[in-house]
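Since the structure comes first, as structure tokens, the remarks are kept for the end.
Residues take their numbers from the sequence shown, with the count starting at 1.
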Amino acid sequence: MNKQIAVRTREKWVDDVKVIACILVVLGHFFQSMTKANILPENDLYKWFNTTIYYFHVPLFFICSGYLYQKYSRVNSVGSWRRNVAKKILALGVPYVTFSTATWVLKKVFSSSVNDQIGGLGDTLLFHPASPYWYLYALFFIFILTPTFKSVKMAVGGLVVAIAMKTIVLSGGGYGVYAVSTVLSNEIWFVLGMSVCAFNVQLKGRKVQGTICGLLFMILSVVVYKAEISGGVIPFAMGLLACVAVILMVAGGERRFGRGMDFLAKYTMPIFLMHTLFAAPMRSVLLKLGIGSSVIHVVLGLGISFVGPIIAAWIMKKTKWLEFFLYPNKFVKIRN
């Protein structure tokens with residue numbers, strides 16, 4: 001295993017996988033809000049779709065983060081651990097606090113119009129993060145607890161530990177404290193991403209295998225939904241199968257993705273952070289105007305979920321200092 005830190009270059013398949021995961025996160029949150037507001041019916045199609053994407057869309061983010069962490073970082077000493085903690089407090093903490101607070105304010109100001117109420121600001125930031133920011137919250141603690149692998153043997157040990165942590169959750173343990181439960185649940189996805197790098201898994205040229213896994217996943221998702229299976233190891237197995245399918249198909253056919261995917265890849269973070277901040281007010285305004293058409297809500301709501309954050313990110317970049325709240329590590333450098 002190469003001991004030198006790789007020169008950081010864009011990972012095309014990682015960018016594309018994150019775009020797919022981000023789109024699914026937006027769709028999941030959007031259609032949840034539509035059904036809770038009784039604008040769209042909570043029928044079997046919606047329930048199946050919502051259940052199915054939650055098997056794997058956020059795990060894909062963890063896998064990508066783990067892969068990039070293992071490939072471009074070296075955290076295997078007390079000094080490097082301290083620097084890593086400082087970097088993650090900056091890179092994850094600033095956007096987490098900024099947009100969690102914005103969401104909290106929005107929900108408090110428009111409390112009569114939002115679908116889900118929220119607790120105090122301190123409780124929201126420290127103990128019960130709002131969706132979708134719980135991902136940044138969990139990722140921070142995972143970064144703190146997880147060293148990079150110096151060898152394949154260490155990677156195997158990391159996988160064993162991650163599997164044990166997942167087993168605790170599947171056995172019903174670790175749910176007393178949110179920070180603990182979310183790390184126990186998601187460490188396995190992060191370590192799987194690290195392992196793809198540590199084991200030098202060849203992902204390209206396996207589009208056929210990915211397609212087969214994808215078809216199998218779609219069939220099983222319908223079977224599992226119809227059988228009303230919702231607990232135990234099945235959701236994890238479904239998520240693993242879906243993640244394998246998406247990654248192999250994307251890595252095997254990345255040249256076929258057009259400029260649209262490359263464009264969205266530049267705005268994955270802003271869309272992830274801000275889509276609910278644009279979609280929720282749009283829904284409230286339309287309802288205040290007496291517009292209940294589901295078609296209008298879907299078109300305008302989904303449109304603003306993507307266009308709004310992209311425009312906001314463009315404005316933030318032009319003003320420079322505002323971009324700090326999105327990408328603070330561009331402005332504050334912490335030495336390796």
In residues 292-312, what donor-acceptor pairs under 3.5 Å come from side-chain atoms, sequence neighbours left out?
residue	atom	partner	partner atom	Å
S293	OG	V295	N	3.4
S293	OG	I296	N	3.4
H297	NE2	I291	O	2.8
S305	OG	G301	O	2.7

Distance-only donor-acceptor hits, side chain of residues 262-275, under 3.5 Å, sequence neighbours excluded:
residue	atom	partner	partner atom	Å
D262	OD1	K12	NZ	2.5
T268	OG1	L264	O	3.4
T268	OG1	A265	O	3.4
H275	ND1	I271	O	2.8
H275	ND1	F272	O	3.1
H275	NE2	H29	ND1	2.8

Under 3.5 Å, side-chain donor or acceptor atoms of residues 91-102 against the rest of the protein: list the pairs with distances, not counting sequence neighbours.
residue	atom	partner	partner atom	Å
Y96	OH	T124	O	3.3
Y96	OH	L125	O	2.7
T98	OG1	V94	O	2.7
S100	OG	Y96	O	2.7
T101	OG1	V97	O	2.6

Distance-only donor-acceptor hits, side chain of residues 58-66, under 3.5 Å, sequence neighbours excluded:
residue	atom	partner	partner atom	Å
S65	OG	F61	O	3.1
S65	OG	Y135	OH	2.7

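Between Y178 and H128, the angle of the ring planes lies from 30° to 60°, which puts this pair in the tilted group.
At a threshold of 4.5 Å between side-chain heavy atoms, the hydrophobic network of Ile, Leu, Val, Met, Phe, Trp and Tyr places V223 and I229 in two separate groups. Taking hydrophobic clusters as Ile, Leu, Val, Met, Phe, Trp and Tyr residues chained together by side-chain heavy-atom distances below 4.5 Å, V285 shares a cluster with I39. At a threshold of 4.5 Å between side-chain heavy atoms, the hydrophobic network of Ile, Leu, Val, Met, Phe, Trp and Tyr places I188 and V233 in one connected group. V183 is connected to W81 through a chain of hydrophobic side-chain contacts under 4.5 Å among Ile, Leu, Val, Met, Phe, Trp and Tyr, so both are in one cluster. Under the 4.5 Å side-chain heavy-atom criterion for Ile, Leu, Val, Met, Phe, Trp and Tyr, L45 and V224 are members of the same hydrophobic cluster.
Using a 4.5 Å cut-off on side-chain heavy atoms (C-beta onward), L240 and L192 make contact. The closest side-chain heavy-atom distance from V75 to F143 is not below 4.5 Å. At least one side-chain heavy atom of L139 sits less than 4.5 Å from a side-chain heavy atom of F190. Residues Y46 and L40 fail the side-chain proximity criterion, which asks for heavy atoms closer than 4.5 Å.
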Verdict with supporting geometry, E42 and K47, side chain to side chain contact (heavy atoms under 4.5 Å, CB included): CA-CA 7 Å; E42 194 173 349; K47 291 179 181 177; 3.9 Å; yes

Would L24 and F56 count as a side chain to side chain contact (heavy atoms under 4.5 Å, CB included) if you check the C-alpha gap in whole Å, the side-chain angles of each, and the deciding distance to 0.1 Å? CA-CA 9 Å; L24 292 176; F56 68 97; 3.5 Å; yes

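Although no hydrogens or angles enter the test, the distance criterion places no donor-acceptor pair under 3.5 Å between the side chain of Y137 and the main chain of T182.
Atom CG of N84 sits about 8.5 Å away from atom OG1 of T148, to the nearest 0.5 Å. For the atom pair CG of L220 and CG of L216, the computed distance is 4.5 Å after rounding to the nearest 0.5 Å.
Applying the salt bridge (charged side-chain N to carboxylate O under 4.0 Å, His left out) test to every pair with at least one member in residues 303-324, sequence neighbours left out, gives these pairs: E323-K330. The side-chain hydrogen bond (donor to acceptor under 3.5 Å, both in side chains) contacts involving residues 213-230 comprise D44-Y225, W48-S221, where partners must be two or more places apart or lie in separate chains.
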